Amino acid sequence: MKESVRQLQPYVPEKPLATLQQELGIARLVRLSANENPYGTSPKVAEAVKAWDFNESNRYPDGDATALRQAVAQQQSVDPDQLVFSVGLDEMIAMVSRTFLSAGDQVLVSAPTFSEYALHAEIEGAKLVSVPTLPNDQVDFDGLLAAITPAVKMVWLCNPNNPTGTSEPLAKIEWFIQQVPATTMVLIDEAYIDFAKNAATLTAMQLPAKYDNVVVMRTFSKAYGLANFRIGYGIFSKAYAPTMQAVRLPYNVNAITQVAALAAVKDTSFVRQTVMKNAAERQAWSTFFDQQGIRYDQSDANFIFFAYPEATALADALLHHGYSLRTGLRDGWLRMTIGTAADGQDLRKLIAAYQAKSARH
Ligand SMILES: *Cc1c(COP(=O)(O)O)cnc(C)c1O
């Protein structure tokens, strides 16, 4: 066994909803801890999956994901050859770590951020270097630059960032890329960018064509509502895309998933509706937190990160009312997926009542 994995702590996945409901003895549990799409999945995806020919089951899937590749390339205005598909964006994080890291290298992140970057750095025997966010939880780009050494082979930028929800302007990201040595990979995780107010001008999608060391990543798990299908992709420079295709397992994305993702890309209306409903609810939450005097980060995503003195106790109380929030990302803070308007109303009442009760004690 390689030394780097001996002490590895596994990612703790979400428990199946039914299991958790049974454990808690409640009839309805709304999971607001995994940033899933609360509006479900496009009905066009259901149609496409049902129309899939079962007689293809004994055949390997299209290893090039040809139809999906064409559709995504067109949607994102990139060259089809720049695209590499993966089993969720998670697999892409594992794949790039495996490709660009050797034991003893360093990986630079702004903290807090998505934990998978650290996990895969560790598996490759690389050392994680964290630069804390600024007081408003924006990225400290000067701090990141000061931490760049020849040992740093990868820098992760999650934009908008999980768990803070904050986003960084494209101009700042490009300026940062220009200061980083060409031998350091800059990986931009855009899992939540569809939810940003100015997604079209925020995305770094066009940068891999300009800078060989830049990679942009997307997933179908969030705005597209396909978390169960496990599909994401990376946009690479023409210099690195062939290497990534060689590292990728030949048949990683199965045919049903390809069919589902293609239908999801075509149904632009579903994503637009999801983004609009999320933005309206996000605004309702900002207004509520302002009214309650609860501190929160400016979110450009489908979740909000907020501070609460007894965060764990609040999360526990809400869980028993049927809402699970994400704890353990920072002391005294909770991350809450923005759910439907009806659940939002209910949840805001519960939090307001909890606040009033704690104030009396
Ligand atoms: C959810 C998430 C992912 C992983 O998404 P999958 O495609 O479901 O593997 C990647 N990055 C961030 C920041 C996420 O929050």
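Whatever order the structure lists them in is the order used to number ligands and atoms, beginning at 1. Source: prediction; values computed, not measured.
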**OP:** Tell me which protein heavy atom sits closest to atom 11 (N) of ligand 1, plus the residue, atom name and distance to 0.1 Å.
**Re:** Asp189 OD2, 2.6 Å
Original post:
Going by distance alone, is a donor N or O of one side chain under 3.5 Å from an acceptor N or O of the other, for Asn302 and Tyr192?
Top reply: no
Original post:
Can you tell me if Cys158 has a non-hydrogen atom under 4.0 Å from ligand 1?
Top reply: yes
Subject >> Sub-4.0 Å heavy-atom approach of Asn35 to ligand 1 >> reply: no
Original post:
Do other residues, nucleotides or ligands put more than 12 heavy atoms under 6.0 Å from Lys50 NZ?
Top reply: no
**OP:** Would you mind checking if Asp81 and Arg69 are paired as a salt bridge, meaning a charged N to carboxylate O distance below 4.0 Å?
**Re:** no
Subject >> Nearest-neighbour protein heavy atom for atom 14 (C) of ligand 1, which is reported as residue plus atom name and distance >> reply: Lys222 NZ, 3.1 Å
**OP:** Run the numbers for me: atoms of ligand 1, each under 4.0 Å from some heavy atom of Gly88, listed by number.
**Re:** 6 (P), 7 (O), 9 (O)
Original post:
If you measure from each non-hydrogen atom of Asn162 to ligand 1, which part falls under 4.0 Å: side chain, backbone, both or neither?
Top reply: side chain
**OP:** Classify the contact between Arg230 and ligand 1 as side chain, backbone, both or neither, using a heavy-atom distance cut-off of under 4.0 Å.
**Re:** side chain
Original post:
Does atom CD of Gln22 have more than 12 heavy-atom neighbours, drawn from other residues, nucleotides or ligands, at distances under 6.0 Å?
Top reply: no
Subject >> From Asn228, Leu89, Ile93 - option closest to atom 6 (P) of ligand 1 by heavy atom >> reply: Leu89
Original post:
In terms of side-chain heavy atoms, does Asn35 have a donor or acceptor partner in Thr337 at a distance below 3.5 Å?
Top reply: yes
**OP:** Indicate the atoms forming the closest heavy-atom contact of Phe303 with Asn162, along with that distance.
**Re:** CZ-CA, 3.8 Å
**OP:** Heavy-atom contacts with Tyr192 under 4.0 Å: which atoms of ligand 1 show up? List them by number with element.
**Re:** 1 (C), 13 (C), 14 (C), 15 (O)
**OP:** Taking only Lys NZ, Arg NE, NH1 and NH2, and the carboxylate oxygens of Asp or Glu, determine whether Lys210 and Glu174 approach each other closer than 4.0 Å.
**Re:** yes
Original post:
Under 4.0 angstrom from ligand 1, any heavy atom of Gly232?
Top reply: no
Subject >> Atom indices of ligand 1 within 4.0 angstrom of Ala191 heavy atoms, with elements >> reply: 11 (N), 12 (C), 14 (C)
Original post:
Tyr39 ring centre to Lys277 NZ or CZ under 6.0 Å, with the angle to the axis within 45°?
Top reply: yes
Subject >> Residues Asp290, Arg295: salt bridge by 4.0 Å N-O rule >> reply: no
Original post:
Nearest protein heavy atom to atom 8 (O) of ligand 1, by residue and atom, and its distance?
Top reply: Ser221 OG, 2.6 Å
Original post:
Which is closest to atom 4 (C) of ligand 1 by heavy-atom distance: Asp90, Ile231, Asn161?
Top reply: Asp90
**OP:** Check each heavy atom of Glu91 against ligand 1 and say whether those closer than 4.0 Å belong to the side chain, the backbone, both or neither.
**Re:** neither
